[in-house]
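Working notes, beginning with the structure itself.
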Amino acid sequence: ILNVEQSPQSLHVQEGDSTNFTCSFPSSNFYALHWYRWETAKSPEALFVMTLNGDEKKKGRISATLNTKEGYSYLYIKGSQPEDSATYLCACRGDGNNRLAFGKGNQVVVIP
Amino acid sequence: GAGVSQSPSNKVTEKGKDVELRCDPISGHTALYWYRQSLGQGLEFLIYFQGNSAPDKSGLPSDRFSAERTGGSVSTLTIQRTQQEDSAVYLCASSLVRGPGQPQHFGDGTRLSIL
(Lines give C-alpha, C1' and ligand atoms only; values in the text may rest on other atoms or scores of the structure.)
Protein backbone atom coordinates (compact mmCIF):
# COMPACT_ATOMS: atom_id res chain seq x y z
CA ILE A 1 0.00 0.00 0.00
CA LEU A 2 1.43 3.40 -1.02
CA ASN A 3 2.11 5.82 1.83
CA VAL A 4 0.81 9.28 0.91
CA GLU A 5 1.53 12.12 3.31
CA GLN A 6 -0.06 15.57 3.25
CA SER A 7 1.09 18.59 5.19
CA PRO A 8 0.06 20.64 6.96
CA GLN A 9 -2.98 18.73 8.22
CA SER A 10 -4.94 21.94 8.66
CA LEU A 11 -4.41 25.62 8.04
CA HIS A 12 -6.25 28.88 8.47
CA VAL A 13 -5.79 31.46 5.75
CA GLN A 14 -6.88 35.10 5.69
CA GLU A 15 -9.15 35.97 2.78
CA GLY A 16 -7.06 37.32 -0.08
CA ASP A 17 -3.86 35.57 0.99
CA SER A 18 -2.26 32.85 -1.09
CA THR A 19 -1.32 29.50 0.34
CA ASN A 20 0.14 26.16 -0.62
CA PHE A 21 0.47 22.67 0.78
CA THR A 22 2.35 19.50 0.06
CA CYS A 23 1.64 15.92 -0.90
CA SER A 24 4.50 13.44 -0.74
CA PHE A 25 4.43 9.91 -2.14
CA PRO A 26 6.83 7.10 -3.06
CA SER A 27 8.67 8.07 -6.24
CA SER A 28 9.21 4.48 -7.36
CA ASN A 29 6.49 2.80 -9.42
CA PHE A 30 4.56 6.06 -9.86
CA TYR A 31 1.60 6.05 -12.24
CA ALA A 32 -0.68 9.02 -11.50
CA LEU A 33 -1.47 11.64 -8.88
CA HIS A 34 -4.94 12.99 -8.18
CA TRP A 35 -6.10 16.09 -6.27
CA TYR A 36 -9.68 16.37 -5.02
CA ARG A 37 -11.57 19.06 -3.11
CA TRP A 38 -14.01 17.80 -0.49
CA GLU A 39 -16.42 20.32 0.95
CA THR A 40 -18.52 19.46 3.99
CA ALA A 41 -21.77 17.62 3.10
CA LYS A 42 -20.73 17.29 -0.54
CA SER A 43 -18.94 14.67 -2.62
CA PRO A 44 -15.21 14.93 -3.37
CA GLU A 45 -14.68 16.91 -6.57
CA ALA A 46 -11.81 16.12 -8.95
CA LEU A 47 -9.38 19.01 -9.40
CA PHE A 48 -6.43 17.54 -11.25
CA VAL A 49 -5.00 14.26 -12.48
CA MET A 50 -1.27 14.49 -13.16
CA THR A 51 0.99 11.87 -14.66
CA LEU A 52 4.16 13.48 -16.03
CA ASN A 53 7.16 14.77 -14.12
CA GLY A 54 7.16 18.55 -14.25
CA ASP A 55 3.42 18.72 -14.96
CA GLU A 56 1.72 21.96 -13.96
CA LYS A 57 -2.06 22.29 -14.04
CA LYS A 58 -4.33 25.22 -13.28
CA LYS A 59 -8.03 25.61 -12.59
CA GLY A 60 -9.05 29.17 -11.81
CA ARG A 61 -7.08 30.31 -8.76
CA ILE A 62 -5.90 26.79 -7.92
CA SER A 63 -2.84 25.22 -9.47
CA ALA A 64 -0.69 22.15 -8.88
CA THR A 65 2.80 20.95 -9.72
CA LEU A 66 4.25 17.45 -9.83
CA ASN A 67 7.75 16.11 -9.21
CA THR A 68 7.73 12.35 -9.71
CA LYS A 69 11.50 11.97 -9.27
CA GLU A 70 11.49 13.27 -5.71
CA GLY A 71 7.91 12.22 -4.96
CA TYR A 72 5.97 15.38 -4.19
CA SER A 73 3.19 17.60 -5.49
CA TYR A 74 2.30 21.12 -4.41
CA LEU A 75 -1.20 22.60 -4.51
CA TYR A 76 -1.44 26.39 -4.60
CA ILE A 77 -4.44 28.62 -3.92
CA LYS A 78 -3.99 32.20 -5.06
CA GLY A 79 -6.02 34.95 -3.39
CA SER A 80 -7.98 32.62 -1.09
CA GLN A 81 -11.74 33.11 -0.88
CA PRO A 82 -14.18 31.73 1.73
CA GLU A 83 -15.54 29.29 -0.87
CA ASP A 84 -12.08 27.69 -0.99
CA SER A 85 -12.66 26.33 2.51
CA ALA A 86 -12.58 22.56 2.14
CA THR A 87 -10.40 19.50 2.64
CA TYR A 88 -8.00 18.95 -0.25
CA LEU A 89 -7.23 15.28 -0.85
CA CYS A 90 -4.16 13.96 -2.60
CA ALA A 91 -4.15 10.40 -3.94
CA CYS A 92 -1.49 8.38 -5.69
CA ARG A 93 -1.77 5.39 -7.95
CA GLY A 94 1.12 2.98 -8.54
CA ASP A 95 1.85 1.27 -11.81
CA GLY A 96 -0.02 -1.99 -12.26
CA ASN A 97 -2.37 -1.11 -9.46
CA ASN A 98 -6.03 -0.25 -9.60
CA ARG A 99 -6.34 1.44 -6.25
CA LEU A 100 -5.81 5.05 -5.24
CA ALA A 101 -3.95 5.56 -1.98
CA PHE A 102 -5.18 8.73 -0.29
CA GLY A 103 -3.49 11.03 2.17
CA LYS A 104 -5.41 12.31 5.17
CA GLY A 105 -6.07 15.63 3.48
CA ASN A 106 -5.23 19.30 3.99
CA GLN A 107 -8.11 21.03 5.76
CA VAL A 108 -8.26 24.69 4.70
CA VAL A 109 -10.33 27.34 6.44
CA VAL A 110 -10.42 30.75 4.80
CA ILE A 111 -11.19 33.50 7.28
CA PRO A 112 -13.22 36.42 5.86
CA GLY B 1 -26.15 14.41 -16.53
CA ALA B 2 -26.66 12.53 -13.28
CA GLY B 3 -23.68 11.96 -11.05
CA VAL B 4 -22.87 9.00 -8.83
CA SER B 5 -25.82 8.27 -6.56
CA GLN B 6 -25.52 6.51 -3.20
CA SER B 7 -28.20 5.32 -0.82
CA PRO B 8 -29.00 5.58 1.97
CA SER B 9 -27.29 8.85 2.83
CA ASN B 10 -27.31 7.94 6.52
CA LYS B 11 -27.68 4.61 8.26
CA VAL B 12 -27.81 3.94 11.97
CA THR B 13 -27.97 0.33 13.06
CA GLU B 14 -27.24 -1.88 16.02
CA LYS B 15 -24.10 -3.92 16.36
CA GLY B 16 -24.51 -7.36 14.86
CA LYS B 17 -27.00 -6.37 12.18
CA ASP B 18 -26.31 -6.66 8.46
CA VAL B 19 -26.32 -3.53 6.26
CA GLU B 20 -26.46 -3.02 2.53
CA LEU B 21 -25.20 0.12 0.81
CA ARG B 22 -26.05 0.96 -2.77
CA CYS B 23 -24.19 2.81 -5.51
CA ASP B 24 -25.48 3.91 -8.92
CA PRO B 25 -22.47 4.94 -11.01
CA ILE B 26 -22.46 7.41 -13.87
CA SER B 27 -23.94 5.78 -16.98
CA GLY B 28 -21.21 4.38 -19.21
CA HIS B 29 -18.53 4.31 -16.53
CA THR B 30 -16.97 0.87 -16.55
CA ALA B 31 -14.85 1.28 -13.43
CA LEU B 32 -16.43 1.43 -9.96
CA TYR B 33 -14.68 1.84 -6.61
CA TRP B 34 -15.69 1.65 -2.96
CA TYR B 35 -13.79 3.56 -0.26
CA ARG B 36 -14.43 4.38 3.35
CA GLN B 37 -13.26 7.12 5.68
CA SER B 38 -13.15 6.34 9.35
CA LEU B 39 -12.81 9.15 11.89
CA GLY B 40 -9.39 10.78 11.69
CA GLN B 41 -8.24 8.58 8.81
CA GLY B 42 -7.73 9.07 5.10
CA LEU B 43 -9.90 7.49 2.45
CA GLU B 44 -9.29 3.74 2.48
CA PHE B 45 -9.68 1.64 -0.67
CA LEU B 46 -12.08 -1.29 -0.31
CA ILE B 47 -12.86 -2.85 -3.69
CA TYR B 48 -12.66 -2.13 -7.42
CA PHE B 49 -14.82 -3.38 -10.33
CA GLN B 50 -13.82 -3.03 -13.98
CA GLY B 51 -16.22 -4.26 -16.64
CA ASN B 52 -16.61 -8.04 -16.53
CA SER B 53 -13.23 -8.66 -14.94
CA ALA B 54 -12.90 -10.25 -11.53
CA PRO B 55 -13.04 -7.48 -8.89
CA ASP B 56 -10.00 -6.39 -6.91
CA LYS B 57 -11.12 -7.21 -3.37
CA SER B 58 -7.74 -6.67 -1.77
CA GLY B 59 -8.92 -3.71 0.34
CA LEU B 60 -11.83 -5.43 2.08
CA PRO B 61 -10.95 -5.43 5.80
CA SER B 62 -12.60 -8.73 6.71
CA ASP B 63 -14.76 -11.53 5.34
CA ARG B 64 -17.79 -9.73 6.79
CA PHE B 65 -17.49 -7.33 3.86
CA SER B 66 -18.63 -8.24 0.36
CA ALA B 67 -19.67 -6.37 -2.75
CA GLU B 68 -21.23 -7.13 -6.06
CA ARG B 69 -21.95 -5.27 -9.23
CA THR B 70 -24.92 -6.47 -11.23
CA GLY B 71 -25.06 -5.99 -14.97
CA GLY B 72 -21.97 -3.83 -14.93
CA SER B 73 -23.89 -0.97 -13.36
CA VAL B 74 -25.36 -0.79 -9.85
CA SER B 75 -23.20 -2.02 -6.99
CA THR B 76 -24.06 -3.05 -3.45
CA LEU B 77 -21.64 -3.23 -0.53
CA THR B 78 -22.81 -5.59 2.21
CA ILE B 79 -21.45 -5.65 5.74
CA GLN B 80 -22.53 -8.64 7.82
CA ARG B 81 -22.63 -8.73 11.62
CA THR B 82 -21.62 -5.08 11.88
CA GLN B 83 -19.12 -3.96 14.49
CA GLN B 84 -18.59 -0.50 15.96
CA GLU B 85 -15.33 -0.12 14.06
CA ASP B 86 -17.34 -0.34 10.83
CA SER B 87 -18.70 3.16 11.56
CA ALA B 88 -17.45 5.38 8.74
CA VAL B 89 -18.43 7.30 5.64
CA TYR B 90 -18.60 4.89 2.72
CA LEU B 91 -17.91 6.49 -0.64
CA CYS B 92 -18.49 5.09 -4.10
CA ALA B 93 -16.76 6.42 -7.21
CA SER B 94 -16.84 5.62 -10.90
CA SER B 95 -14.65 6.45 -13.86
CA LEU B 96 -14.61 5.93 -17.59
CA VAL B 97 -11.58 3.72 -18.14
CA ARG B 98 -8.52 2.51 -16.30
CA GLY B 99 -6.18 4.98 -18.05
CA PRO B 100 -3.94 7.11 -15.82
CA GLY B 101 -5.53 10.44 -16.76
CA GLN B 102 -9.11 9.68 -15.72
CA PRO B 103 -10.44 11.26 -12.53
CA GLN B 104 -12.84 9.40 -10.29
CA HIS B 105 -16.32 10.82 -9.77
CA PHE B 106 -17.62 10.39 -6.25
CA GLY B 107 -21.06 10.09 -4.75
CA ASP B 108 -22.11 11.93 -1.60
CA GLY B 109 -21.44 8.86 0.51
CA THR B 110 -23.31 6.85 3.13
CA ARG B 111 -22.62 7.78 6.74
CA LEU B 112 -22.84 4.52 8.68
CA SER B 113 -23.13 4.56 12.45
CA ILE B 114 -23.03 1.33 14.45
CA LEU B 115 -24.45 1.64 17.95
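Just so we're on the same page: letters track the sequence lines, and every chain starts at 1. Heavy-atom basis, side chains included; hydrogens, waters and symmetry copies ignored.
The OH atom of B/Y35 lies 4.0 Å from the CG atom of A/L100; values are rounded to the nearest 0.5 Å. In this structure, B/L46 CG and A/R99 CZ are separated by 9.5 Å, a value rounded to the nearest 0.5 Å. Here A/Y36 contributes atom OH and B/Q104 contributes atom CD; the two are 4.5 Å apart, rounded to the nearest 0.5 Å.
The number of heavy-atom neighbours closer than 6.0 Å to CD of B/E14, taken from other residues, nucleotides and ligands shown, is 12 or below. Open room surrounds CG on B/L39; 12 or fewer heavy atoms of other groups in view lie less than 6.0 Å from it. Taking a 6.0 Å sphere around NZ of B/K11, one finds it holds 12 or fewer heavy atoms contributed by other residues, nucleotides or ligands. Counting heavy-atom neighbours within 6.0 Å of A/Q9 CD, excluding the residue itself, gives a total of 12 or less.
Taken together through direct or relayed side-chain contacts under 4.5 Å among Ile, Leu, Val, Met, Phe, Trp and Tyr, B/F45 and B/F65 form parts of separate hydrophobic clusters. Note on B/L96: it does not cluster hydrophobically with B/F49, by side-chain heavy-atom contacts below 4.5 Å among ILVMFWY residues. There is no path of hydrophobic side-chain contacts, each under 4.5 Å, that joins A/L75 to A/Y72. Residues B/Y33 and B/Y90 do not share a hydrophobic cluster, clusters being chains of Ile/Leu/Val/Met/Phe/Trp/Tyr side chains in contact below 4.5 Å. A single hydrophobic cluster is seen to contain both A/Y88 and A/F48, as judged by linkage of ILVMFWY side chains at heavy-atom distances under 4.5 Å, directly or through other members.
Contacts of B/D56 with chain A are made by side-chain atoms alone, with heavy-atom separations under 4.5 Å and no backbone atom involved. Looking at A/L47, there are no atoms closer than 4.5 Å to chain B (heavy atoms on both sides), in backbone or side chain. Using a 4.5 Å cut-off between heavy atoms, B/S9 makes no contact with chain A at all.
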- Message: Before you tell me yes or no, could you show the steps for A/K42 and B/F106 under side chain to side chain contact (heavy atoms under 4.5 Å, CB included), namely the whole-Å CA-CA distance, both residues' side-chain angles and the distance that decides it to 0.1 Å?
- Response: CA-CA 9 Å; A/K42 294 185 178 180; B/F106 285 85; over 6 Å; no
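Contact between A/P44 and B/L91 at its shortest, heavy atoms only, is CG-CD1, 4.1 Å.
Of residues 103-112 of chain A, those residues with a non-hydrogen atom less than 4.5 Å from any non-hydrogen atom of chain B are, in numerical order, A/G103, A/K104.
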